[in-house]
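Okay, structure first, notes after.
This structure is a prediction, so every number in the text was calculated from the model and none was measured. So you know, we letter chains A, B, ... as the sequences are listed, proteins then strands, and number each from 1.
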Number of protein chains: 2
Amino acid sequence: MALDLYQLKAFFAVAQTLSYTEASRRLYLTQSAVSHAVAKLGRGVKDELFTRTGNKLALTETGAILYKTCEAVFYELEKAEERIGAVKNKNAGTIRLGATVEFGTTLLVKYLKDFIKSNPGVHVDFQFRHELLRPLLKDELDIIIDCKSHKAEGLEKTPLFREEYAVIASREFVREFRIRRPLDLGGCGILSMDKGGQWWGNFLNALPQAERPELKNITELNHIRAIINAAMEGLGVGFVPRYCVLKELKAKTLVNVFPQLKLLEDNFYVYQKVKRAGLERHRNLVGYLKNIKATQLERA
Amino acid sequence: MALDLYQLKAFFAVAQTLSYTEASRRLYLTQSAVSHAVAKLGRGVKDELFTRTGNKLALTETGAILYKTCEAVFYELEKAEERIGAVKNKNAGTIRLGATVEFGTTLLVKYLKDFIKSNPGVHVDFQFRHELLRPLLKDELDIIIDCKSHKAEGLEKTPLFREEYAVIASREFVREFRIRRPLDLGGCGILSMDKGGQWWGNFLNALPQAERPELKNITELNHIRAIINAAMEGLGVGFVPRYCVLKELKAKTLVNVFPQLKLLEDNFYVYQKVKRAGLERHRNLVGYLKNIKATQLERA
DNA sequence: GAATACTATGAATTATACTAATATGCCGCG
DNA sequence: CGCGGCATATTAGTATAATTCATAGTATTC
């Protein structure tokens, strides 16, 4: 039978992407090469590896066995490369780190400076997107930082810190509209990610029924940064994660409208595949991330 | 870095045998090919894999890391091949089974007939030698059956059954020399594996001090079968594992000289490497062997 | 039904694994 | 010391396999 590593690599990429073309891109090969390799592997085990219904690929039973084997084998090889690299203090591997756009672009890159400095062998690539779970499951990302609570087979979930939300506006705006209590929001401009009210719902639910304002004049902006900038321009009040506006609050270009109010708190989590959690660079990074405290974030 | 399977195979064989020439034999390649492969692997990881003091090879730190990786990777690949073979009910792998010469040639081959029949995909190769542990550790054997109690790192030890010893001789011999009690052995021919008395020591130690004969006329034969045949020819009394002479005792060509005596009992054990114990064919075979009972052996 | 996207196949090309022949180095032996 | 025997490294040539290019086949979409 004599399983071949090149063929398994090709097969694995196809199995992950369920596409020969996509797999070939990932492997920096031609589609033809991938097709040849998988075909040869199939001849080797004397069985089909994929079934196709229409043009959708799916693994056969034999294919599923090989998939699990690939996971294990490539994991072992990666661990070896990592350890060998560590011995020589370089080339200890790459981490493709995913995070939400806002958190990633503002705080994460700054906060990780120390980690990157103290792990010179480890290379970190960043991908800031809104969809993180699927790329992780498809092995396009190694580790993701997300504030959504996912549950998926074979996923390791490590809680990080709580994110607090804040109602923000420019000082002038607060003065002009005399905003003192939540109920005052009924009469002024509201900046929101959505028109429906889901976004501010999190804020409203934290209030007693009697104190909930009816939000009328809602402006939709599909990006947190846009909301912040709009708020600074005096276009309305926004409801955003506090870590996004730490600088602005400090510089007084924005104010925390209800500083005394205990608002919604969401948790940030780190996710990675259990089957790859043993990699040293993964353990190191997650360990480092776990030490992030809200206070440290504010200093950043 | 890109670890290559061909290179790892070559490296692994060299690491196991600590010899390029021996490794090349095992891989059915030329010594040159193995040298090339290992050299290339070394270039790949940018480090030496072996140190040589005089002409003795030893693993470097990096080599040791790769060795462990090889164990894991090839184990995974073997499991995959086994499972894929099992799906199609054939080619489920090979077991190189080692056992002591006497036990192997007489009982084991017969007893395993059923196992081989009911596991048509599994191919069993036999190696009957006196030295079993070292070949197992060097991966020249997969499973061994031995009556010695070994202790080695990473070895799984499964007790099988107890072997009983018996003092045997031809009926005519017993009559001629009037052998009734152990003390009577002082005056007749003794067949032994060694001249020193180690062999019969096991028998003597089972007796009270006063009943121990002084063995004088010892004939050395370096093979159990030779002792049995000599005993049948009336050349003396032998001291052999009972399972070796079950047929002869039944056919009355030999008699159990002291049937009432409780003699030394040794245990038979199955050994295999822990790191390979997860193979299905291994589990199946060991499970089968564990069901061997002394009574079944006698029927055989 | 034409256009598009994806996959399979065959021949040509390129890369590389393997061998044969040979050189080098290490050990033991007189 | 010098020699033969043994094990490993090196070099150059060959054989094998991997990759590509060009192309044909097969769904899917509009």
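DNA chain D is contacted by no residue of residues 37-45 of chain B, taking any non-hydrogen atom closer than 4.0 Å. Of the residues in residues 24-35 of chain B, B:L29, B:T30, B:S32, B:A33 come within less than 4.0 Å of DNA chain C through at least one heavy atom, sorted by number.
Listed by first and then second residue, the side chain to side chain donor-acceptor pair (under 3.5 Å) pairs involving residues 32-51 of chain B are B:D47-B:T62 (not counting sequence neighbours). Here salt bridge (Lys or Arg N to Asp or Glu O under 4.0 Å) pairs that include residues 71-81 of chain A, with residues two or more places apart or in two chains, are A:E71-A:K275, A:E76-A:K79, A:E78-A:R276, A:E78-A:R281. Every pair passing salt bridge (Lys or Arg N to Asp or Glu O under 4.0 Å) that includes a residue from residues 13-25 of chain A is listed here, sequence neighbours excluded: A:E22-A:R25.
Spacing between atom CG of B:D4 and atom C1' of C:dC18 amounts to 14 Å, rounded to whole angstrom units.
For B:H36 against C:dT19, a side-chain-to-base donor-acceptor contact under 3.5 Å is present.
Where DNA chain D meets chain B (any atom under 4.0 Å from a heavy atom), the bounding nucleotides read 5' to 3' are D:dA7 to D:dA18.
Shown here are the ring-ring contact (aromatic ring centres under 6.0 Å, His included) partners of A:Y20, two or more places apart in sequence or in another chain: there are none. For A:E131, the salt bridge (charged side-chain N to carboxylate O under 4.0 Å, His left out) partners at least two apart in sequence or on another chain are A:R134. When the salt bridge (charged side-chain N to carboxylate O under 4.0 Å, His left out) test is applied to A:R283, no partner is found at least two apart in sequence or on another chain. A search for salt bridge (charged side-chain N to carboxylate O under 4.0 Å, His left out) contacts involving B:R26 returns B:E140, not counting sequence neighbours. With sequence neighbours excluded, the residues that form a side chain to side chain contact (heavy atoms under 4.5 Å, CB included) with A:A10 are A:L27, A:V34, A:A37, A:V38. Take A:R52 and apply the salt bridge (charged side-chain N to carboxylate O under 4.0 Å, His left out) test, not counting sequence neighbours, and it matches no residue.
For A:D142 and A:R96, the salt-bridge test passes: some basic side-chain N is under 4.0 Å from an acidic carboxylate O.
Applying the 4.0 Å criterion to OP1 and OP2 of C:dA8, one finds that A:R52 has a side-chain N or O inside that range.
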